[in-house]
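Here the structure is laid out as structure tokens; the discussion comes afterwards.
FYI, the numbering just counts along the sequence from 1.
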Amino acid sequence: MPEPRRVLVVDAANVVGTRPDGWWNDRAGAARRLHGQLMVGDTSYDEIVLVLEGGAKGGVRAGRDGHVRTVHAKGAGDDTIVAETRAAITAGHRVTVITADRMLQSLVQGAGAMAMSPSWLLDKL
């Protein structure tokens, strides 16, 4: 039986929001920069799911780009993050979610995922 895939689900708004670099003036550009960092970052994940909401969706098209899959939230980003997490766990994957949102951390941990802070991810990029 093959090893379970390692999936990283990224709360883009939460990660981008940790750096006071003017992201609020260009949410699409901030999403594009994060996507680029995830494409070349030194992570050990088989798949990275980048969840975008609001104006950030204009920065990266939905779909797969190498090992990064971008998902556009139809409503609240948290709901999409939980849905993506549950789907990956149901498929037998090991999931880590990047967010500083304590309520979201609790939800994904309850579903069986591990939760890590944005600073943990940014240190790897």
Side-chain angles (χ1 to χ4, degrees):
M1 183 173 202
E3 281 283 313
R5 290 176 51 87
R6 297 189 53 196
V7 177
L8 184 69
V9 180
V10 179
D11 179 351
N14 205 263
V15 172
V16 166
T18 63
R19 295 186 268 192
D21 61 1
W23 61 264
W24 50 89
N25 293 319
D26 182 12
R27 294 172 195 270
R32 198 169 29 259
R33 287 188 298 278
L34 178 57
H35 179 268
Q37 289 176 305
L38 292 170
M39 289 293 297
V40 299
D42 186 19
T43 70
S44 59
Y45 290 87
D46 300 306
E47 179 180 26
I48 298 175
V49 179
L50 178 64
V51 178
L52 301 178
E53 61 186 332
K57 294 189 287 188
V60 184
R61 65 174 174 73
R64 181 169 299 283
D65 191 7
H67 68 293
V68 177
R69 182 168 56 90
T70 301
V71 176
H72 288 179
K74 289 180 180 37
D78 289 4
D79 294 341
T80 302
I81 291 164
V82 170
E84 288 290 329
T85 299
R86 287 186 175 144
I89 289 169
T90 299
H93 305 315
R94 291 190 329 201
V95 181
T96 301
V97 177
I98 303 299
T99 186
D101 180 319
R102 292 184 188 248
M103 178 68 83
L104 183 55
Q105 286 177 350
S106 178
L107 287 170
V108 298
Q109 287 170 333
M114 184 164 62
M116 300 297 287
S117 72
S119 61
W120 177 86
L121 175 62
L122 292 170
D123 285 348
K124 297 190 172 313
L125 302 178

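Within 6.0 Å of the CG atom in Asp42, the count of heavy atoms belonging to other residues, nucleotides or ligands does not exceed 12. Other residues, nucleotides and ligands contribute at most 12 non-hydrogen atoms within 6.0 Å of the CZ atom of Arg102.
Judged purely by atom type and a 3.5 angstrom limit, His72 uses its side chain to pair as donor or acceptor with the backbone of Val60.
Neither Tyr45 nor Val95 shares a network with the other; the hydrophobic side chains, linked directly or stepwise wherever heavy atoms of I, L, V, M, F, W or Y lie under 4.5 Å apart, form separate groups for each. Both Leu38 and Met116 belong to a single network of hydrophobic side chains, linked directly or stepwise wherever heavy atoms of I, L, V, M, F, W or Y lie under 4.5 Å apart. When hydrophobic clusters are built by joining Ile, Leu, Val, Met, Phe, Trp and Tyr residues whose side-chain heavy atoms come closer than 4.5 Å, directly or via intermediates, Leu8 is not grouped with Val71. Val9 and Val108 fall within a single hydrophobic cluster, where Ile, Leu, Val, Met, Phe, Trp and Tyr are joined by side-chain heavy atoms under 4.5 Å apart, directly or via other members. The hydrophobic cluster containing Leu104 does not contain Leu52, counting ILVMFWY residues as joined when their side-chain heavy atoms lie under 4.5 angstrom apart, directly or transitively.
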Show which side-chain atoms of residues 79-93 pair as donor or acceptor with protein atoms under 3.5 Å away, not counting sequence neighbours.
from  : atom 1 : to    : atom 2 : distance (Å)
Glu84 : OE1    : Arg69 : NH1    : 3.3
Glu84 : OE1    : Arg69 : NH2    : 2.8
Thr85 : OG1    : Ile81 : O      : 2.8
Thr90 : OG1    : Arg86 : O      : 2.8

**Request:** Go through the steps to decide whether Thr70 and Arg61 satisfy the test side chain to side chain contact (heavy atoms under 4.5 Å, CB included), and finish with yes or no.
**Result:** CA-CA 7 Å; Thr70 301; Arg61 65 174 174 73; over 6 Å; no

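When side chains are defined from C-beta on, Gln105 does not count as touching Val97, because their heavy atoms never get closer than 4.5 Å. Side-chain contact check for Asp11 versus Ile98: every heavy-atom pair is 4.5 Å or farther apart. Residues Asp78 and Met103 fail the side-chain proximity criterion, which asks for heavy atoms closer than 4.5 Å.
Between Gly58 and Ala28, the shortest heavy-atom contact is C-CB, 3.8 Å. The shortest non-hydrogen separation linking Glu53 to Ala76 is OE1-C, 4.1 Å. When every heavy atom of Val15 is checked against every heavy atom of Thr18, the shortest pair comes out as O-OG1, 2.7 Å. Taking both residues in full, the closest heavy atoms of Leu125 and Gly41 are given as CD2-CA, 3.8 Å, listed atom of the first, atom of the second, then distance. Nearest approach of Ala31 to Ala56, heavy atoms of both residues: CB-O, 3.5 Å. Of all heavy-atom pairs between Asp46 and Arg5, the closest is OD2-CA, 3.2 Å.
Within the structure, side chain to side chain donor-acceptor pair (under 3.5 Å) contacts touching residues 109-125 (residues at least two apart or in different chains) are Ser117-Ser119.
The only option from Val51, Leu121, Val49 that meets the side-chain contact (heavy atoms from CB on, under 4.5 Å) definition with Val10 turns out to be Leu121.
Distance check, rounded to the nearest 0.5 Å: CD of Gln37 to CD1 of Ile48 gives 11.0 Å.
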